[in-house]
Novice: 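Here it is, the structure in full.
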Amino acid sequence: MTAPDAPWSVAWSGEQAFRLQPSQDFPGMMELDQKQAPGVGEPLFAAVHVTRQRRGMVDLLCHVCGKPTTRHDRYMFPAASGGLVTLQDGTQQYGCNVPPMHRACTTRALRDCPHLAKVRERPLRCSGDEGRLIHRTDVTPGLEALARTLPRDVDIVFSCYRLYGPEFTRRVTAARDDWDRTVRSRRAPSI
């Protein structure tokens, strides 16, 4: 993927300044805010921009283009992102920390993203379940050195994810099972 093809939520080398501010989305908490300068420097494909990731999750903005998704044009790649979260009662629900995408943007992502090219997964249309927004105070990978400089007695929101209900969790599980079967059949030795 080249720099002009970088997804909206990717961090750039020119955006490596951070500050703490009161959280706009999780009252009473502090959040890590990252400098906004998309396109400045080189894209850091292995790192998401912490502020854009949260904005994408909170406002359901497209991971690829950054524009709002609508209920009828909202997709994700459930085998390539997210996972099952075990709740206190032992049940599991699907949680995802990657913002949704427009259908057209999933085509672009499949074409340009090396990770998705390896996974070879079909996008799944999201249901009407927008999920419940959950904050994360664990350190985002790659920000460990920065985290050591932050106050230890303050809960800091680094990222967030959406936890989906049972119906959408079943759809995601079925899509993942289908993907697993497809991968196993591709890897099976031909006789």
Side-chain angles (χ1 to χ4, degrees), residues 1-71 73-78 80-85 87 93-102 105-106 108-109 112-116 126 129-164:
M1 188 180 290
T2 62
D5 295 327
W8 168 77
S9 59
V10 76
W12 292 75
S13 60
E15 298 180 308
Q16 298 308 298
F18 301 86
R19 67 181 178 156
L20 288 182
Q21 66 182 18
S23 177
Q24 302 171 30
D25 306 300
F26 302 103
M29 300 190 81
M30 298 296 286
E31 68 185 15
L32 189 63
D33 181 50
Q34 187 169 355
K35 178 182 176 180
Q36 298 278 346
V40 176
E42 296 295 319
L44 306 173
F45 291 111
V48 294
H49 189 279
V50 296
T51 305
R52 288 194 292 272
Q53 184 272 345
R54 281 196 316 272
R55 292 283 30 103
M57 294 305 298
V58 170
D59 299 327
L60 298 167
L61 304 177
C62 179
H63 174 64
V64 175
C65 73
K67 293 183 173 76
T69 60
T70 64
R71 181 177 176 181
D73 190 15
R74 188 174 292 144
Y75 292 81
M76 64 174 58
F77 292 101
S81 58
L84 294 176
V85 177
L87 305 180
Q93 291 180 339
Y94 176 67
C96 187
N97 66 344
V98 177
M101 291 168 260
H102 300 106
C105 291
T106 66
R108 178 180 157 198
D112 294 339
C113 176
H115 172 67
L116 287 176
C126 298
D129 177 3
E130 292 184 354
R132 181 170 45 118
L133 199 60
I134 309 289
H135 67 274
R136 300 216 36 193
T137 57
D138 54 319
V139 179
T140 305
L143 296 179
E144 295 85 359
L146 173 68
R148 286 192 288 275
T149 70
L150 300 174
R152 295 199 184 279
D153 59 341
V154 176
D155 282 332
I156 299 168
V157 176
F158 280 85
S159 65
C160 59
Y161 69 99
R162 286 191 176 267
L163 185 63
Y164 294 90

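All values reported here derive from a predicted model rather than from experimental measurement.
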Novice: Look up atom OG1 in Thr140 and atom CZ in Arg54, then write down how far apart they are to the nearest 0.5 Å.
Specialist: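 Here the interatomic distance stands at 8.5 Å.
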
Novice: Quick check: closest heavy atoms across Gln16 and Leu44, and the distance to 0.1 Å?
Specialist: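 Heavy atoms only, the tightest pair is NE2-CD1, 3.5 Å.
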
Novice: Look up atom CZ in Phe18 and atom OG1 in Thr149, then write down how far apart they are to the nearest 0.5 Å.
Specialist: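 So the gap between those two atoms works out to 10.0 Å.
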
Novice: For the atom pair CZ (Arg19) and CG (Leu150), what is the distance rounded to the nearest 0.5 Å?
Specialist: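 Output value for this atom pair is 13.5 Å.
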
Novice: Over all heavy atoms of both residues, which pair between Val10 and Pro43 is shortest? Give the atoms and the distance, please.
Specialist: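 Taking every non-hydrogen atom into account, CG1-CB, 4.4 Å.
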
Novice: Gln34 side chain to Glu15 main-chain N or O, any donor-acceptor pair under 3.5 Å?
Specialist: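 Pair found, side chain donor or acceptor close to backbone of Glu15.
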
Novice: Taking all non-hydrogen atoms of both residues, which atom of Thr69 and which atom of Asp73 are closest, and how far apart?
Specialist: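 Heavy atoms of Thr69 and Asp73 come nearest at CB-O, 3.6 Å.
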
Novice: Going by the rule side chain to side chain contact (heavy atoms under 4.5 Å, CB included), which residues pair with Ala80 if we only count those two or more places apart in sequence or in a different chain?
Specialist: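 With neighbours one apart ignored, the set is Phe77, His115, Leu116, Val119, Glu121.
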
Novice: For Trp8 versus Arg52, what's the shortest heavy-atom pair and its separation?
Specialist: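 Heavy-atom minimum between the residues: O-NE, 2.8 Å.
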
Novice: Nearest 0.5 Å, what's the CG-CE distance between Leu60 and Met101?
Specialist: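 If we round to the nearest 0.5 Å, Leu60:CG and Met101:CE are 12.5 Å apart.
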
Novice: Indicate yes or no: at least one non-hydrogen side-chain atom of His135 is less than 4.5 angstrom from one of Leu133.
Specialist: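 Of all side-chain heavy-atom pairs linking Leu133 with His135, none is under 4.5 Å.
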
Novice: Quick one about His63 and Ser9 (side-chain donor to acceptor, distance below 3.5 Å, no hydrogens or angles considered), yes or no?
Specialist: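 Short answer, yes.
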
Novice: Flag the pair Phe45 / Pro114 as yes when at least one side-chain heavy-atom distance between them is below 4.5 Å, and no otherwise.
Specialist: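 No, side chains not in contact.
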
Novice: So, Ser81 side chain and Pro78 main chain: donor-acceptor pair closer than 3.5 Å or not?
Specialist: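 Between the backbone of Pro78 and the side chain of Ser81 there is no qualifying donor-acceptor contact (under 3.5 Å).
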
Novice: Counting C-beta onward and ignoring hydrogens, is there a side-chain heavy-atom pair between Asp33 and Val50 closer than 4.5 Å?
Specialist: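 A side-chain contact under 4.5 Å is absent here.
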
Novice: So Tyr164 and Met76, do their side chains get closer than 4.5 Å, heavy atoms only?
Specialist: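 Side chain of Met76 against side chain of Tyr164, heavy atoms only: contact under 4.5 Å found.
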
Novice: Ala6 and Trp12: which non-hydrogen atoms are nearest, and at how many Å?
Specialist: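 Scanning both residues completely, I find the closest heavy atoms to be CB-CZ2, 3.7 Å.
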
Novice: Between Leu146 and Leu32, is a side chain to side chain contact (heavy atoms under 4.5 Å, CB included) present by the stated rule, with each step listed?
Specialist: CA-CA 10 Å; Leu146 173 68; Leu32 189 63; 3.8 Å; yes

Novice: Arg74 pairs by side chain to side chain contact (heavy atoms under 4.5 Å, CB included) with which of Pro99, Pro68, Pro100?
Specialist: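 The side chain to side chain contact (heavy atoms under 4.5 Å, CB included) with Arg74 is passed solely by Pro100 among Pro99, Pro68, Pro100.
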
Novice: Can you give each donor-acceptor pair under 3.5 Å made by side-chain atoms of residues 155-163, sequence neighbours left out, with the distance rounded to 0.1 Å?
Specialist:
unit_1	atom_1	unit_2	atom_2	d
Arg162	NE	Met57	O	2.8
Arg162	NH1	Glu130	O	2.9
Arg162	NH1	Gly131	O	3.4
Arg162	NH2	Met57	O	2.8
Arg162	NH2	Val58	O	3.0

Novice: Got a donor-acceptor contact below 3.5 angstrom from the Gln53 side chain to the Asn97 backbone?
Specialist: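 Indeed, once roles are kept as given, a pair shorter than 3.5 Å links the two residues.
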
Novice: If you look only at distance, which donor and acceptor atoms sit under 3.5 Å apart when one is on a side chain in residues 22-31 and the other is two or more places apart or in another chain?
Specialist:
unit_1	atom_1	unit_2	atom_2	d
Ser23	OG	Asp25	N	3.2
Ser23	OG	Phe26	N	2.9
Ser23	OG	Glu31	OE1	3.2
Asp25	OD1	Arg55	NH2	3.2
Asp25	OD2	Arg55	NH1	2.8
Glu31	OE2	Gln21	NE2	2.7

